[in-house]
Amino acid sequence: NMQIQTPIIFLALWSVGHCYHVGDCGGSQVKFTNIDVKPQPLTFGQNVIVTGSLVVEKNLTSPLKVEISMEKKVLFAWIHIGCVDYPIGSCTIPDICKMKGVACPVVKAVHKIAITKRLPNLSAPAKLLIDGEFRLRVDVRDGTNQVVACATLNPSLN
């Protein structure tokens, strides 16, 4: 079921453009392997294709809270980017399982990822953030607030 990967990966992609690196930063129940994002650079308003695998160690049920943290490099410092156009920027989604197209529970298994989604068009305030280097971290937490999945992305947008 390709819909189960959407909560963990696609939301992160709403906040990124040219992904130089997608990494697994821990989390007790989900591991990311061989994640590839195409085309590069990504263009908002166009399709993005994500492939790879997820290893889910335990069934994950609602609620699954997603916390997205985004920073932009300005000169020599990293500046926190607030939630600009939900969920672009540093945003929290209280329960991804309640979003349209998201299938929960996420069952224990190795899941192949093959997602094609259109990235949203950006509002004027969001477009001001486009150029530059970014750091992005996405944490997925279960109902006990335990981090069950974590991914980092280091995009650069042109």
Side-chain angles (χ1 to χ4, degrees), residues 1-71 80-122 126 133-157:
N1 183 344
M2 291 302 115
Q3 290 181 340
I4 64 171
Q5 291 83 18
T6 301
I8 299 167
I9 294 178
F10 180 64
L11 284 173
L13 294 173
W14 280 346
S15 301
V16 302
H18 188 113
C19 293
Y20 287 109
H21 174 75
V22 178
D24 186 329
C25 55
S28 62
Q29 304 302 325
V30 178
K31 303 295 180 211
F32 299 88
T33 59
N34 302 316
I35 303 297
D36 187 37
V37 181
K38 290 183 181 175
Q40 292 194 24
L42 300 178
T43 303
F44 287 94
Q46 301 295 319
N47 285 339
V48 60
I49 300 167
V50 181
T51 58
S53 297
L54 292 176
V55 179
V56 179
E57 301 291 337
K58 159 184 153 179
N59 291 348
L60 302 174
T61 59
S62 181
L64 291 175
K65 179 168 73 171
V66 176
E67 297 170 333
I68 302 169
S69 174
M70 185 178 192
E71 297 176 312
H80 175 82
I81 303 297
C83 192
V84 179
D85 250 357
Y86 184 81
I88 296 173
S90 298
C91 302
T92 298
I93 299 156
D95 187 2
I96 192 72
C97 294
K98 293 183 178 178
M99 292 184 75
K100 181 180 177 183
V102 177
C104 288
V106 179
V107 296
K108 177 181 176 179
V110 176
H111 300 278
K112 294 292 183 190
I113 301 167
I115 303 170
T116 300
K117 294 283 185 179
R118 180 170 293 278
L119 292 177
N121 290 315
L122 298 179
E133 294 178 50
F134 293 84
R135 290 192 303 207
L136 182 75
R137 179 180 171 121
V138 179
D139 288 305
V140 180
R141 296 179 180 273
D142 66 11
T144 66
N145 210 33
Q146 177 184 12
V147 175
V148 295
C150 178
T152 58
L153 300 97
N154 297 316
S156 179
L157 303 172

Note to self: Walk me through whether Val138 and Val66 qualify under side chain to side chain contact (heavy atoms under 4.5 Å, CB included).
What the structure shows: CA-CA 7 Å; Val138 179; Val66 176; 3.7 Å; yes
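- Annotation: side chain of Phe134 is not in contact with side chain of Glu71 (no heavy-atom distance under 4.5 Å).
- Partners of Asn145 by side chain to side chain contact (heavy atoms under 4.5 Å, CB included), not counting sequence neighbours, listed by chain and number: Lys65, Arg141.
- Atom-to-atom distance recorded for Cys83:SG and Ile93:CD1 is 8.5 Å, nearest 0.5 angstrom.
- Rounding to the nearest 0.5 Å places NE2 of His80 at 6.0 Å from OG of Ser69.
- Between the side chains of Thr116 and Asn47, not a single donor N or O lies within less than 3.5 Å of an accepting N or O.
- The heavy-atom pair separating Pro105 from Thr61 by the smallest distance is CB-CG2, 3.7 Å.
- Summarising the geometry, atom SG belonging to Cys91 is positioned 9.5 Å from atom CE belonging to Met70; distances are rounded to the nearest 0.5 Å.
- In this structure, the separation between CG on Asp139 and OG1 on Thr152 is 10.0 Å, given to the nearest 0.5 Å.
- Atoms CD1 and CG, on Ile49 and Asp36 in that order, are 9.5 Å from each other to the nearest 0.5 Å.
- Annotation: side chain of Ile113 is not in contact with side chain of Thr51 (no heavy-atom distance under 4.5 Å).
- Shown here for Pro94 and Pro63, the closest heavy-atom pair between the two residues is O-CB, 4.5 Å.
- Val56 is listed as a side-chain neighbour of His111, based on a closest heavy-atom distance under 4.5 Å.
- The shortest distance between side-chain heavy atoms of Val30 and Val140 does not fall below 4.5 Å.
- Counting only heavy atoms from C-beta outward, the side chains of Cys104 and Leu64 approach each other to under 4.5 Å.
- A donor-acceptor pair is defined here as one N or O able to donate and one able to accept, closer than 3.5 Å; no such pair exists between the side chain of Ser53 and the backbone of Lys112.
- Put simply, the side chain of Val148 does not reach to within 4.5 Å of the side chain of Val106, judged on heavy atoms.
- Distance check: Gln29 CD to Cys150 SG gives 13.5 Å after rounding to the nearest 0.5 Å.
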